[in-house]
Amino acid sequence: MSNQHNTQNLSLDEQVHLATEALDDLKATNITVMTVEHLTEVAERIIIANATSKRHVKALADKLGAKAKEAGLMPLGREGDKDSDWTLVDLGAVVVHIMTPQAREFYDLEGLWSSPEALQALAVQKA
């Protein structure tokens, strides 16, 4: 399913609201929404949320996927298995990272996405 189809059903703000509400319903904490459209073409918003455990990470990702599908927004992908401390749910314009606090601190996505220089350094390393 294309990204274009995903965005036809819900506006960007509606997608963000759907995701944050689904996460909040299952007690995710420290939900952060970052605007990244000026840094990448991959997504317009990144949402990062804490889960209390690996099991909670899975439950939150499952709930988010189900809520998105109910709203007609088919997730484009999901990374992270059932025993992961970090799961990514790709909703197209919105990418959601659900992490244990330890994983969030270790990977520091907020720091990475807040620093265009750090992103550029990573891109150069991969090239």
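- Residue L26 comes nearest to A59 through the heavy atom pair CD1-O, 3.6 Å, listed as atom of the first residue, atom of the second, then distance.
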| query | Hey, mind stepping through M99 and L109 against side-chain contact (heavy atoms from CB on, under 4.5 Å) and telling me if it holds? | reply | CA-CA 10 Å; M99 311 171 90; L109 295 181; 3.9 Å; yes
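- Here the closest non-hydrogen pair linking A51 and P101 is O-CD, 3.1 Å.
- V57 places none of its side-chain heavy atoms less than 4.5 Å from the side chain of D85.
- Crowding of K63 atom NZ: a count of heavy atoms from other residues, nucleotides or ligands under 6.0 Å exceeding 12.
- Qualifying salt bridge (Lys or Arg N to Asp or Glu O under 4.0 Å) partners for R55, counting only residues two or more places apart in sequence or in other chains: none.
- Residues satisfying the salt bridge (Lys or Arg N to Asp or Glu O under 4.0 Å) criterion with E37, sequence neighbours excluded, are R45.
- Side-chain N or O atoms of E14 include one that pairs as donor or acceptor with a backbone N or O of S11 at under 3.5 Å.
- Salt bridge present: E110 and R104 bring a charged side-chain N and a carboxylate O closer than 4.0 Å.
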| task | Evaluate side-chain contact (heavy atoms from CB on, under 4.5 Å) for L18 paired with L64, printing each intermediate quantity in order. | result | CA-CA 8 Å; L18 178 143; L64 175 58; 4.2 Å; yes
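- The shortest non-hydrogen separation linking L91 to A19 is CD1-CB, 4.4 Å.
- With rounding to the nearest 0.5 angstrom, the CD1 atom of I46 is 4.5 Å from the NE2 atom of H97.
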Can you give me every donor-acceptor pair (side chain of residues 74-82, partner residue at least two apart or in another chain, under 3.5 Å) with its distance?
{"residue": "R78", "atom": "NH1", "partner": "D62", "partner atom": "OD1", "Å": "2.7"}
{"residue": "R78", "atom": "NH2", "partner": "D62", "partner atom": "OD1", "Å": "3.1"}
{"residue": "D81", "atom": "OD1", "partner": "D83", "partner atom": "N", "Å": "2.9"}
{"residue": "D81", "atom": "OD1", "partner": "S84", "partner atom": "N", "Å": "3.2"}

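- Within the 3.5 Å criterion, the main-chain N or O of A43 finds no donor-acceptor partner in the side chain of T40.
- N50 contributes atom CG, which lies 11.0 Å from atom CD1 of I98 (distance to the nearest 0.5 angstrom).
- Going from atom CD of Q102 over to atom OG of S53 covers 10.0 Å, rounded to the nearest 0.5 Å.
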| request: Show the numbers, then the answer: is there a side-chain contact (heavy atoms from CB on, under 4.5 Å) between W113 and I48? | output: CA-CA 11 Å; W113 283 100; I48 305 171; 5.7 Å; no
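- Put simply, CD on Q15 and CG on L10 are 5.5 Å apart, with the number rounded to the nearest 0.5 Å.
- For the side-chain contact (heavy atoms from CB on, under 4.5 Å) with V96, the lone residue among I31, V16, I47 that qualifies is I47.
- Under the 4.5 Å side-chain heavy-atom criterion for Ile, Leu, Val, Met, Phe, Trp and Tyr, Y107 and M34 are members of the same hydrophobic cluster.
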